[in-house]
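Computed over heavy atoms, backbone and side chain alike; hydrogens, waters and symmetry mates excluded.
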Amino acid sequence: MLIFLLFYLLSLDLLKNEYDEAKLKYFLTTELLCVDTKSLSAKLVEQSKGGRIIRSIDTSPCGRFVLAQFATKFSYSVPMSRFGKDVQVWDLDSDGVVEVASLPVDDEIPLSYDACSRHPRGFHFQPNEDHTIVYAQALDGGESLSEPFDGERDAIYTRSLDETKLTLAEPVKLVGFDWRYSGLDFCESGMAIIEEYRWKDRMERKWILEFSGNKRLLWERSWEDRYTAPGEPLTRRGSRGKSFIVQPTPTSFYLQGPGASPLGDRPFLDKLDFSSEEETKTTRLWRCTAPLEGELDATKEVNGILPTERADIYESLVCLLPDNDSIMISREGKTTPRNYYLTKLSDESKSEVQVTEFEHPQPDLLGITKELVQYKRDDGVELTANLYLPADYDGTPRPTLFWAYPREYKDAKAAGQVKGSKHRFVSAHWASPIHWAAKGWAIMDDFSLPVIGEGDAQPNDTFIEQIVSGAEAAVKYVTKRGVCDPTRCAVGGHSYGSFMTSHLLSHTSLFAAGIGRSGAFNRTLTPMSFQVRSSDLFIALEARLSLLIAPLYFLK
C-alpha cells in the first residue's frame, strides 16, 4: 500500500487578485517605534505614520538616521522579494525624508546564469562613517550573456549624506567586479574584505579592498570544495553597534570555518597575515580535537604540529572575546550533550573553565547509536549518510526511514566529500526523522543524493537518474549491512527533498511509503526555473516534461 503525505507550502503563493493585495497590506502594514532603552518609553517614527510594508531597516552608525526600504508596487507574477520598493533615509531628529531610490517591480531579470537585477541593490550604511550609504549595481544591465562594461559586471557605489541640508551627494564608485558582487565586510580601520562569485562553475573570489581603493586577491576557488575552504572572516560588534572584521594587527585578521576533512568536520580558528605583498601566511590557532582514528595532516593542525591528545568528540568555536586570546567553545559527544567552556589560545596547558552543565535534553533518545557511513554509487561517486540504530537494536533487519535533500554539484569529487561529524550529540528537533529510531526503526539521515553536472552539463539534466542511483546505493548498503529490511523502507524529505520523494516513489520500487513535507510537485507552475537552475520549459520541452510535470503522474 502506498502512503504519501503531501503538505503544501502556501507561503510561496503569488498574489492572485485585489483581495490578496488587501490581505497582504492588512497583515504586513506596520509603524516603526523608537524605544529608549533606559526609560523604555516609545515614540512613533513620524515618517512611518499610517503604516508601511517595511522590507528592511538599517540604522546609521551615528544613530540619527534610519535607512528604510518598503514595498510600494505589487505584482501578480513575481514574489514579494521582487515587488517595487522605495528606499529612503528617515531623520529621527525631525520629520525629514531623503529619497534614495524608487524602484519598479523587478520582473525582468534574465534567465541566464549569474544574471541579477538591473536596478541598484543591497543598500546599507557604511559602518565606518556616520551616514554614508553603500549599494551595488550591475554594469551589464544584469544580463550575464552580454558584454561586461569596461571588463566589469558589478560595482559598489557610495553616497554621502549632508546632515545639515538632508541631501545626498552624487554616487561615487568604490570598486568594480569582474563577476557578481556577493559580500562586503569592513574592518574598523577602514579596510574591507569584498567577495564576488560566478555561479555557472561555482567559483568565488575574495579580495582585500585597501584604503587606496586597490584590490588584493586573497583567493579564487570553488566553493563546492569543502576540504580546502579557508573559512570566513571573524566579525564582532563594534562600539556603535555595527559588525566589523576582527583584526589582531593592522595587517591580519581571523578566519573561522567548519574544517571539513575525510575524518569529518573539525572547526578551526586561523589568523591570516597579509603584511607581505608577495603572499599571505595563515597560522592555525585552534582546532577541534582530532578523533582517535584516522590519519592527520600536520599542516592543518595548530602551529603545524600533530596533536598528541585525541578524543572522539566534536567542538566548535562560539566566540573570540575582546582580548583576542580568550575563547568560548562548545563540546559534545555522541552520548554527551553540548556544553560550553572558556579557555585561552595562549595557554599551553589547555586549562579551561566549564560554563554550563546541561543534562541530556531528550531521555527518550538515550541509547540510540550514530554512525557516519560511507559507500559508493554505481558510477563510483562517494556517498555518506548518518546511520542511526535504536537503543534495543539486536542485529536483525529493521524497517528503515531514508531522509534526504538533494544537492547540486559541478564537481564529482566535491560531491563525494565527507559532510558533518559522526561525533556530534544524538539529538532531534521536532521534525527530525531521528525520532523514529526511538520507535525501533533504523534511520539513514541526510543520505547523500548529489546531482552532478560537470563541464557544459547542468546537474538537473539527469536529476531522476542520479537520485534513483543514489537511493539504490543507500538501500543496497544498509541491506548488505543487515540492518535494513528492504521490504519495509520509507523515504522522506522537506521541500526539494519532498519533490525528490515523489520521484523516488514514482520511478522506483524501493520504498513502500513516503513523507513529502512542504514540496512543490507540479513544476509546470514554475516553467522558468527549477531549484537553482534558470531555464525555460519550452526549450527541449520533451526532455524536460518527465522532470517538471507532477511526479505522481508516473505512478503505476
Going by an N to O cut-off under 4.0 Å, is there a salt bridge joining D270 and R284?
-> yes
Pair T228-D225, side-chain donor/acceptor within less than 3.5 Å = yes
Could you tell me whether the side chain of Q256 reaches within less than 4.5 Å of the side chain of L317, counting heavy atoms only?
-> yes
If you take all heavy atoms of P61 and R240, which pair is closest and at what distance?
-> O-CD, 3.3 Å
Donor-acceptor under 3.5 Å (Q88 side chain, V100 main chain) | no
Minimum heavy-atom separation for E188 to G238, with atom names?
-> OE2-CA, 4.3 Å
Salt-bridged, K242 to D58, with N to O below 4.0 Å?
-> yes
Do the side chain of R237 and the main chain of G241 share a donor and acceptor less than 3.5 angstrom apart?
-> yes
Do you see a donor-acceptor pair shorter than 3.5 Å between the side chains of T235 and S243?
-> no
Cationic N near anionic O, under 4.0 Å, D456 to K410 = no
Residues K419, D446: salt bridge by 4.0 Å N-O rule | no
Without hydrogens or angle criteria, can the side chains of S144 and S112 be said to hold a donor-acceptor pair below 3.5 Å?
-> yes
Strictly by modelled atom types, are D140 and S146 linked by a side-chain donor-acceptor pair under 3.5 Å?
-> no
Ignoring hydrogens and geometry, is there a side-chain-to-backbone donor-acceptor pair from R236 to L320 under 3.5 Å?
-> yes
Just checking, K25 and F74: is the charged tip under 6.0 Å from the six-membered ring centre and within 45° of the axis?
-> yes
Face-on cation placement of R205 at W207 ring, 6.0 Å and 45° thresholds = no
Is the backbone N or O of P250 less than 3.5 Å from a side-chain atom of Q247, with the two atoms forming a donor-acceptor pair by type?
-> yes
Please confirm whether the backbone N or O of V45 pairs with a side-chain atom of S48, one donor and one acceptor, at under 3.5 Å?
-> yes
Does the side chain of R52 come within less than 4.5 Å of T72's, by heavy atoms?
-> no
Does a salt bridge link E152 with K173, judged by any charged N lying under 4.0 Å from a carboxylate O?
-> yes
State, yes or no, whether a side-chain contact exists between K271 and T282 at a heavy-atom distance under 4.5 Å.
-> no
Does any donor atom in the side chain of S56 or Q69 lie under 3.5 Å from an acceptor atom in the other side chain?
-> yes
Has the side chain of R82 got a donor or acceptor atom that lies under 3.5 Å from a matching backbone atom of P79?
-> no
Tell me, please, whether Y197 has R180 positioned over its six-membered ring: NZ or CZ under 6.0 Å from the ring centre and within 45 degrees of its axis?
-> no
Is there side-chain contact between L166 and D91, with heavy atoms separated by less than 4.5 Å?
-> yes
Smallest heavy-atom separation, Y227 atom then S261 atom, equals CE2-C, 3.5 Å
CD of E472 to CG of L504, rounded to nearest 0.5 Å, is 9.5 Å
Return the minimal non-hydrogen interatomic distance between A138 and R121, and the atom names on each side.
-> N-NH1, 3.6 Å
Is L168 close to V98 at the side-chain level, that is, under 4.5 Å between some pair of heavy atoms?
-> yes
Would you indicate whether the side-chain heavy atoms of L161 and F65 approach each other to under 4.5 Å?
-> yes
Between the main-chain N or O of K16 and the side-chain N or O of D20, is there a donor-acceptor pair closer than 3.5 Å?
-> yes
Just how far is it from atom CZ of F268 to atom OG of S316, taken to the nearest 0.5 Å?
-> 13.0 Å
Taking it one step at a time, do R377 and Q466 satisfy side-chain hydrogen bond (donor to acceptor under 3.5 Å, both in side chains)?
-> CA-CA 9 Å; R377 215 164 63 176; Q466 294 198 55; 3.3 Å; yes
Is a side-chain donor or acceptor of R517 paired with a backbone partner of A431 at a separation under 3.5 angstrom?
-> yes
Rounded to the nearest 0.5 angstrom, the CD1-CG distance for I53 and L24 is 5.0 Å
Lys/Arg N to Asp/Glu carboxylate O, K413 vs E224, below 4.0 Å | no
Do E21 and Y76 have a side chain donor and acceptor closer than 3.5 Å?
-> yes
Would you check if T283 and D273 make a side-chain contact, meaning some heavy-atom pair closer than 4.5 Å?
-> no
Please check if any side-chain donor atom of E204 sits under 3.5 Å from a side-chain acceptor atom of S182, or the reverse.
-> no
For the pair F244 and F186, evaluate ring-ring contact (aromatic ring centres under 6.0 Å, His included) and give the outcome as yes or no after the intermediate values.
-> CA-CA 5 Å; F244 292 96; F186 282 92; 7.8 Å; no
In sequence, state the C-alpha distance, the side-chain angles, and the governing distance for E232 and L255, and then conclude on side chain to side chain contact (heavy atoms under 4.5 Å, CB included).
-> CA-CA 5 Å; E232 292 295 323; L255 293 167; 5.7 Å; no
Return yes if a side-chain donor-acceptor contact under 3.5 Å exists between Q126 and T158, otherwise no.
-> no
Enter the distance from D154:CG to C116:SG here, rounded to the nearest 0.5 Å.
-> 5.0 Å
For R226 and A260 the tightest heavy-atom approach is NH1-CB, 3.2 Å
Distance-only donor-acceptor check, side chains D378 and S469, under 3.5 Å | no
Rounding to 0.5 Å, atoms NZ (K73) and OG (S102) come to a distance of 3.5 Å
Kindly give the heavy-atom pair with the smallest separation between L103 and H119, and that separation in Å.
-> CD2-CB, 4.1 Å
May I ask you to check whether F499 and F463 place their ring centers less than 6.0 Å from one another?
-> yes
Fit a plane to each ring of F274 and F253, take the angle between them on a 0 to 90° scale, and name the class: parallel (under 30°), tilted (30 to 60°) or perpendicular (over 60°).
-> tilted
Do the side chains of R407 and P450 get nearer than 4.5 Å, heavy atoms only?
-> no
Is it the case that Y496 and E408 place a side-chain donor and acceptor less than 3.5 Å from each other?
-> yes
Verify, without hydrogens or angle tests, whether D86 (side chain) and F70 (backbone) share a donor-acceptor contact under 3.5 angstrom.
-> no
